[in-house]
Amino acid sequence: MSLPRPIRLITFEGSEGAGKSTQVRRLEARLRALGHRVLTVREPGGTLLGERLRALLKERTPELSICPEAELLLFLAARAQVVREAIEPALRNQSWVLSDRFSDSTLAYQGSGRGFPAPLLRSLNEIACAGLTPGMTFVLDISSAEGRARIARRAAAGASTDRMETEPPEFFERVRAAYRKLAESEPGRIVLIDASGSEEEIATRIWENVSRVFGL
Ligand code: TMP
């Protein structure tokens, strides 16, 4: 697939509670206000198959056991589907695509979190993503203590806790460290954003980067 560069696929990454979804919505609104077509997806999800896999991956039923290998392949299956069914067609149709999580989540969670080797994950991502690399990725960086505090506040407000959120604090420390390392190793694509700032400040930093890199 030959697409204009940088590819108009922008992904949002970070630990739970970092505020990704809010920022995805804000960027979507800003691009739409300028008259752009925008497709927003979340991962896992974005297709019927992906949403069903998401429900399974998030479910907390004691009888439902998902070993790390099955978990890895389910995340990748959801990605393979959303890339082919939604993301590639939208990009070909001159739309922007914003994805709430993408390939870097697998490197951070299944790589540093679960311990799968990075080269293996990169090969699997290559298959799942059909070779597609985001034009820009924002990592919303938050301490794992603050992330957990935000999840606890959401739970107190009635949100259910999912399977991943029950992992111990060390798991989320490793995930955070992995994201920071990825940002260091790919400064041309990944922008690390301090997510402890206000929603407004974060949105402003994101927009500065998007408008500069994509020439808006
Ligand atoms: P979220 O949409 O609330 O961020 O939930 C998605 C969860 O799935 C989150 O705990 C991160 C996890 N995840 C992985 O472990 N690997 C992946 O490749 C993706 C996309 C998500």
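In this text, all values refer to a predicted model and were calculated from it rather than measured experimentally. Any value given below was found using the heavy atoms of this structure, including those in side chains, with hydrogens, waters and symmetry copies removed. One-based numbering, in listed order, for ligands and for the atoms of each.
Closest protein heavy atom to atom 16 (N) of ligand 1: Gln110 OE1, 2.8 Å. Closest to atom 20 (C) of ligand 1 among all protein heavy atoms lies Arg79 NH2, 3.4 Å. The single protein non-hydrogen atom nearest to atom 2 (O) of ligand 1 is Arg54 NH2, 2.8 Å, given as residue, atom name and distance. Atom 4 (O) of ligand 1 has Arg101 NE, 2.6 Å as its closest protein atom, hydrogens excluded (heavy atom only). Of all protein heavy atoms, the one lying nearest to atom 18 (O) of ligand 1 is Thr106 OG1, 2.7 Å.
Among Tyr109, Phe102, Phe172, Phe75, the residue whose heavy atom lies nearest to atom 8 (O) of ligand 1 is Phe75. For atom 5 (O) of ligand 1, the nearest non-hydrogen atom from the set Glu167, Glu71, Lys58, Glu165 comes from Lys58. When Glu16, Lys20, Arg114, Glu43 are ranked by how near their heavy atoms come to atom 10 (O) of ligand 1, first place goes to Glu16.
Counting heavy-atom neighbours within 6.0 Å of Arg52 CZ, excluding the residue itself, gives a total of 12 or less.
Neither side chain, Ser15 nor Tyr109, offers a donor N or O lying under 3.5 Å from an acceptor on the other. A donor and an acceptor atom, one from each side chain of Asn125 and Arg122, are nowhere located under 3.5 Å apart.
At a threshold of 4.0 Å, the pair Glu201-Arg26 does not count as salt-bridged, since none of the basic side-chain nitrogens sits closer than that to a carboxylate oxygen. Here Arg114 pairs with Glu167 in a salt bridge; the nearest charged N to carboxylate O distance falls below 4.0 Å.
Near Met164, meaning under 4.0 Å from one of its heavy atoms, ligand 1 places the atoms 10 (O), 15 (O).
Shown here for Ile142 and Gly17, the closest heavy-atom pair between the two residues is CD1-O, 3.7 Å.
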Go through it in stages, so that I can follow the logic: the residues are Thr11 and Thr137, the test is side-chain hydrogen bond (donor to acceptor under 3.5 Å, both in side chains), and I'd like the CA-CA distance, side-chain angles, deciding distance and then a yes or no.
CA-CA 5 Å; Thr11 60; Thr137 296; 2.7 Å; yes
